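Note sheet for the following structure.
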Protein chains: 2
Amino acid sequence: MSGFVLACKERGLRLTHQRLEVYRALAKAKDHPSAEMLYQRVRKRVPTISLDTVYRTLGSLEEEGFIARVGTAMSSARFEFNPEPHHHFVCVRCGGIRDVEAHSLGHDALAKYLPKSYHVLSSHVEFRGLCPDCLEKTSKS
Amino acid sequence: MSGFVLACKERGLRLTHQRLEVYRALAKAKDHPSAEMLYQRVRKRVPTISLDTVYRTLGSLEEEGFIARVGTAMSSARFEFNPEPHHHFVCVRCGGIRDVEAHSLGHDALAKYLPKSYHVLSSHVEFRGLCPDCLEKTSKS
DNA sequence: CTCCATGCAAACTTTTTGCAGCACC
DNA sequence: GGTGCTGCAAAAAGTTTGCATGGAG
């Protein structure tokens with residue numbers, strides 16, 4: 001908590017009542033809430049807060065690295081035909097998605113890391129980084 | 001292709017011009033297109049097709065297992081505070097998300113499976129299946 | 001006092017749905 | 001010929017943005 005206060009000062013973020021409560025609500029949450037879910041929770045303590053403030057606050061906190069977005073941050077759904085189990089590499093620069101062969105990163109190899117109390121149906125790895133094309137453009141410039 | 005025709009008959013799906021063209025466009029695509037991207041491509045061959053037909057067709061093809069959706073299928077963005085690198089388990093029944101410790105499935109262990117031409121910044125595993133709670137409810141009934 | 005953050009409303013994007021007509025089987 | 005699919009339009013859901021006000025520093 002106090003670490004958050006200090007970090008805000010360092011980065012020039014204003015420490016508003018709303019921002020603090022959104023941060024606290026997410027730090028306390030164990031269920032990976034959506035913006036709407038956080039809005040409902042924070043509203044109990046700050047009845048006048050608006051949903052767009054929650055969105056804007058989450059955006060700020062994400063930019064500053066305090067919080068993370070679960071799963072892929074893609075604006076729209078993407079589809080593929082490849083019926084073989086495989087993984088994906090997402091380029092953070094060009095947004096392109098490339099298939100990654102499962103090789104020894106198969107389902108069984110991954111699923112064994114979970115407790116036996118889970119019934120795992122599928123497993124999927126998503127890598128993020130720079131694809132060969134963007135990497136080449138970077139080194140050239 | 002002919003496999004698709006046969007599979008449609010087996011499952012009682014009507015083999016319309018539109019459905020076939022959406023299927024072909026996705027089978028040919030290498031870039032994991034969105035519904036809108038597919039719409040633009042199919043429109044060149046079937047100028048009267050509508051975007052909602054593309055959506056409906058993609059939904060049917062996904063249900064039948066012909067195609068897959070890339071990444072997490074979540075209606076809204078979900079956030080988390082946990083700053084430690086970790087993975088996620090998504091329950092297909094209750095939609096709940098649980099953290100999975102990275103253990104030996106750390107970034108380095110995963111990234112080594114990619115060609116060196118990629119610059120990998122992060123790696124994340126997403127498991128899907130039944131969580132312990134839903135599994136228990138299933139066995140009881 | 002200054003400027004960033006907030007709240008309100010409205011726009012925007014992506015996806016879904018109701019309905020009438022058409023096409024596949 | 002009946003049923004499911006299509007196209008149109010409108011709605012729904014999630015998220016973003018413009019603008020005037022208010023509160024933090």
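In the text below, chain A, chain B and the rest are named by the order of the sequence lines, each starting its count at 1. These numbers come from a predicted model, not from an experiment. Quick note: numbers below take in every heavy atom, side chains included, and nothing from hydrogens, waters or symmetry partners.
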message = Testing the basics here: between B:Leu105 and B:Phe127, what is the closest heavy-atom pair and its distance to 0.1 Å?
response =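 Smallest heavy-atom distance, with atoms named: CD1-CZ, 4.3 Å.
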
inquiry  = To check you understand the geometry: which heavy-atom pair defines the closest contact between A:Tyr39 and A:Ser50, and what is its length?
reply    = CE1-C, 3.6 Å

task = Map B:Ser34 and B:Lys9 onto DNA chain C by nearest heavy atom, then report which one ends up closer to the 5' terminus.
result = B:Ser34

To the nearest 0.5 Å, how far apart are [atom1] in [X] and [atom2] in [Y]?
X	Y	atom1	atom2	answer
B:Glu21	B:Thr57	CD	OG1	11.0 Å
B:Arg41	B:Ile49	CZ	CD1	13.5 Å
B:Leu58	B:Arg56	CG	CZ	12.0 Å

Nucleotide [N], atom [atom2] - distance to [atom1] of [X] in whole Å:
X	N	atom1	atom2	result
A:Glu36	D:dA12	CD	C1'	14 Å
A:Arg43	C:dC8	CZ	C1'	14 Å
A:Glu62	D:dT15	CD	C1'	13 Å
A:Leu20	C:dT6	CG	P	11 Å
A:Gln40	D:dA13	CD	C1'	15 Å
B:Arg69	C:dT14	CZ	P	14 Å
B:Arg19	D:dT3	CZ	C1'	13 Å
B:Glu21	D:dT6	CD	P	12 Å

request  = Verify the ring-centre separation between A:Tyr118 and B:Phe89: is it less than 6.0 angstrom?
outcome  =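 Yes, the ring centres sit under 6.0 Å apart.
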
query = Is the B:Phe81 to A:Tyr23 ring centre distance short of 6.0 Å?
reply =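 Between B:Phe81 and A:Tyr23, the centre distance is under 6.0 Å.
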
message = OP1 or OP2 of D:dG23 versus the side-chain N and O atoms of A:Gln18: is any pair under 4.0 Å?
response =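 No, outside the criterion.
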
ask   = For B:Gly12 and B:Ser76, take the nucleotide of DNA chain D holding the closest heavy atom to each; which residue's nucleotide lies nearer the 5' end?
value = B:Gly12

message = I need the residues from residues 45-60 of chain A with at least one non-hydrogen atom less than 4.0 Å from DNA chain D; give them sorted by number, or say none.
response = A:Leu51, A:Asp52, A:Tyr55, A:Arg56

request  = Would you indicate whether B:Arg11, at its atom CZ, is surrounded by more than 12 heavy atoms from other residues, nucleotides or ligands within a distance under 6.0 Å?
outcome  = yes

request  = Assess the side chains of A:Glu80 and B:His32: does a donor N or O sit below 3.5 Å from an acceptor N or O?
outcome  =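 Per modelled atom types, A:Glu80 and B:His32 side chains form a pair under 3.5 Å.
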
Can you give me the N/O atom pairs linking the protein to nucleotides 22-24 of chain C at distances under 3.5 Å, or say none if there are none?
residue	atom	partner	partner atom	Å
C:dC24	O2	B:Arg14	NH1	3.4

